[in-house]
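Each remark here refers to the structure printed beneath this line.
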Amino acid sequence: MPISITLIGGPTALIEIDGFRLLTDPTFDAPGAYQLPHVTLEKTIGPALKVDAIGPIDAVLLSHDQHSDNLDNSGRDYLLKAKRALTTEAGAKRLGGHVEGLAPWATAHLKDRDGNTLTITATPARHGPAGIEPLSGDVIGFVVTSSRKDTSSVYISGDTTWFDGVAEVARRFKCGVVLPFAGAAQTRGPFHLTMDTNDTIETARAFPDAMIVPVHTEGWAHFRQNSEDLRKTFDVLGFGTRLRLLEPGVPTVVEAP
């Protein structure tokens, strides 16, 4: 079955799969400066859709809760009111309420009235180079697998660079759609906190049967690369037909190549 993805902005995307509606890392605040303990982040583009235009969802998939470019004030309010919300174990403790924490490789399940099921598996993520964990905190990605055999699995990387954990996801799951969190985010040092063009190509190679649908490429001043950089890289290296760039606010049907 086809999968529809609507890019709302930054890492925030609405994924519609087999009648289920999932929202990644909710960020709905207006452009402006956001002060974190050690750095100020500048949001340059507002969301393509307002909260009330999204409609009901079945679950929020939050890669982590400590950075404003993945969960801002409006996004936090939205998440706490959502039917279900899945994130890291540490994030669930901080957010409280009904938020569910998952360790890497743990699973959660969504079911509809017809007996169809989505299995959501938390996946390893590393928000920068080796050793970054005390600064960046815990992060997870997600693999969404349907009980319908004709629906491709979807991998949502969360804020991560390419590392052994992402390679292990590719070994365990055959995914037809992959959403890498790209943009080569850079804040406190000369290193990237999310995937750059090289990491995204490595991810495409690891998932040879997947359409690559990047998010987290525009909207914040600390993103050092954008979707056009990805387009040029994929075209030069012969992967161009496997890259699908989304127009913000426009539902886009994505199928495995």
Side-chain angles (χ1 to χ4, degrees), residues 5 7 9-13 24-25 39 41 44-45 63-64 67 69-70 104 123-143 152-248 254 256-257:
I5 304 176
L7 176 63
T12 311
T24 64
D25 290 31
V39 67
L41 303 181
T44 59
I45 303 173
S63 66
H64 64 302
H67 300 147
D69 56 330
N70 296 86
T123 59
R126 193 180 71 197
H127 201 354
I132 193 69
E133 293 83 357
L135 297 177
S136 65
D138 293 344
V139 184
I140 54 173
F142 304 92
V143 169
S152 297
S153 294
V154 179
Y155 172 45
I156 304 152
S157 78
D159 270 10
T160 188
T161 53
W162 170 263
F163 78 116
D164 291 345
V166 177
E168 182 61 25
V169 177
R171 285 190 285 268
R172 295 192 186 201
F173 295 94
K174 182 179 180 180
C175 296
V177 178
V178 170
L179 280 69
F181 281 33
Q186 184 176 322
T187 56
R188 297 179 62 184
F191 49 81
H192 295 153
L193 302 173
T194 58
M195 292 192 183
D196 60 10
T197 54
N198 290 359
D199 289 341
T200 310
I201 285 289
E202 291 286 0
T203 302
R205 287 174 57 87
F207 292 91
D209 300 317
M211 185 66 74
I212 307 301
V213 187
V215 297
H216 199 279
T217 60
E218 269 91 11
W220 291 83
H222 63 286
F223 293 176
R224 297 294 184 256
Q225 295 176 350
N226 58 31
S227 58
E228 184 59 27
D229 294 318
L230 287 168
R231 168 54 66 200
K232 292 176 181 176
T233 301
F234 271 64
D235 285 348
V236 167
L237 297 178
F239 288 76
T241 59
R242 294 185 50 213
L243 182 70
R244 187 68 178 270
L245 301 180
L246 301 176
E247 181 180 348
V254 177

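- Residues T161 and T194 form no side-chain contact, since every pair of their non-hydrogen atoms from C-beta on lies 4.5 Å or further apart.
- For the pair P257 and A210, the tightest heavy-atom approach, listed with the atom from each and the gap, is CD-C, 3.4 Å.
- Residue pairs meeting the salt bridge (charged side-chain N to carboxylate O under 4.0 Å, His left out) criterion with at least one partner in residues 193-208, sequence neighbours excluded, do not occur; the list is empty.
- Scanning all heavy atoms of the two residues, the minimum distance from P129 to H192 falls at CD-O, 3.8 Å.
- Looking at R244, its side chain never comes within 3.5 Å of a backbone N or O of T241 through a donor-acceptor pair.
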- Apply side chain to side chain contact (heavy atoms under 4.5 Å, CB included) to Q225 and T197, showing your working. CA-CA 8 Å; Q225 295 176 350; T197 54; 3.2 Å; yes

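- Within the 4.5 Å cutoff, side-chain heavy atoms of T203 are placed close to those of W162.
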- Message: Let's go through S63 and D25 carefully: what are the C-alpha distance in whole Å and the side-chain angles of both, what is the deciding distance for side chain to side chain donor-acceptor pair (under 3.5 Å) to 0.1 Å, and is it a yes or a no?
- Response: CA-CA 6 Å; S63 66; D25 290 31; 2.7 Å; yes

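- Every side chain to side chain contact (heavy atoms under 4.5 Å, CB included) that D235 has, sequence neighbours left out, goes to R231.
- The only member of F181, F173, F207, F142 that meets ring-ring contact (aromatic ring centres under 6.0 Å, His included) when paired with Y155 is F207.
- Among V178, V177, L245, the single residue meeting the side chain to side chain contact (heavy atoms under 4.5 Å, CB included) criterion with V213 is V177.
- Proximity of L7 to V215: side-chain heavy atoms (C-beta onward) are separated by under 4.5 Å at one or more points.
- Counting heavy atoms from C-beta outward, T160 and P124 have side chains that stay 4.5 Å or more apart.
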- Stepwise side chain to side chain contact (heavy atoms under 4.5 Å, CB included) check, V139 with N70: CA-CA 11 Å; V139 184; N70 296 86; over 6 Å; no

- Item | Intermediate values then yes/no, side chain to side chain contact (heavy atoms under 4.5 Å, CB included), W220 and I45 | CA-CA 7 Å; W220 291 83; I45 303 173; over 6 Å; no

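- Side-chain contact between S157 and M195: present, with at least one pair of heavy atoms (C-beta onward) separated by less than 4.5 Å.
- In this structure, the side chains of I140 and H64 stay at 4.5 Å or more apart for every pair of heavy atoms.
- Scanning for side chain to side chain contact (heavy atoms under 4.5 Å, CB included) contacts around T187 gives V39, L41, L193, H222, with sequence neighbours left out.
- Annotation: side chain of H216 is in contact with side chain of D159 (closest heavy-atom distance under 4.5 Å).
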- Query: Could you go step by step and tell me if S227 and E218 meet the side chain to side chain contact (heavy atoms under 4.5 Å, CB included) rule?
  - Reply: CA-CA 8 Å; S227 58; E218 269 91 11; 3.1 Å; yes

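- Looking at heavy atoms from C-beta onward, I5 lies in side-chain contact with L179 at the 4.5 angstrom threshold.
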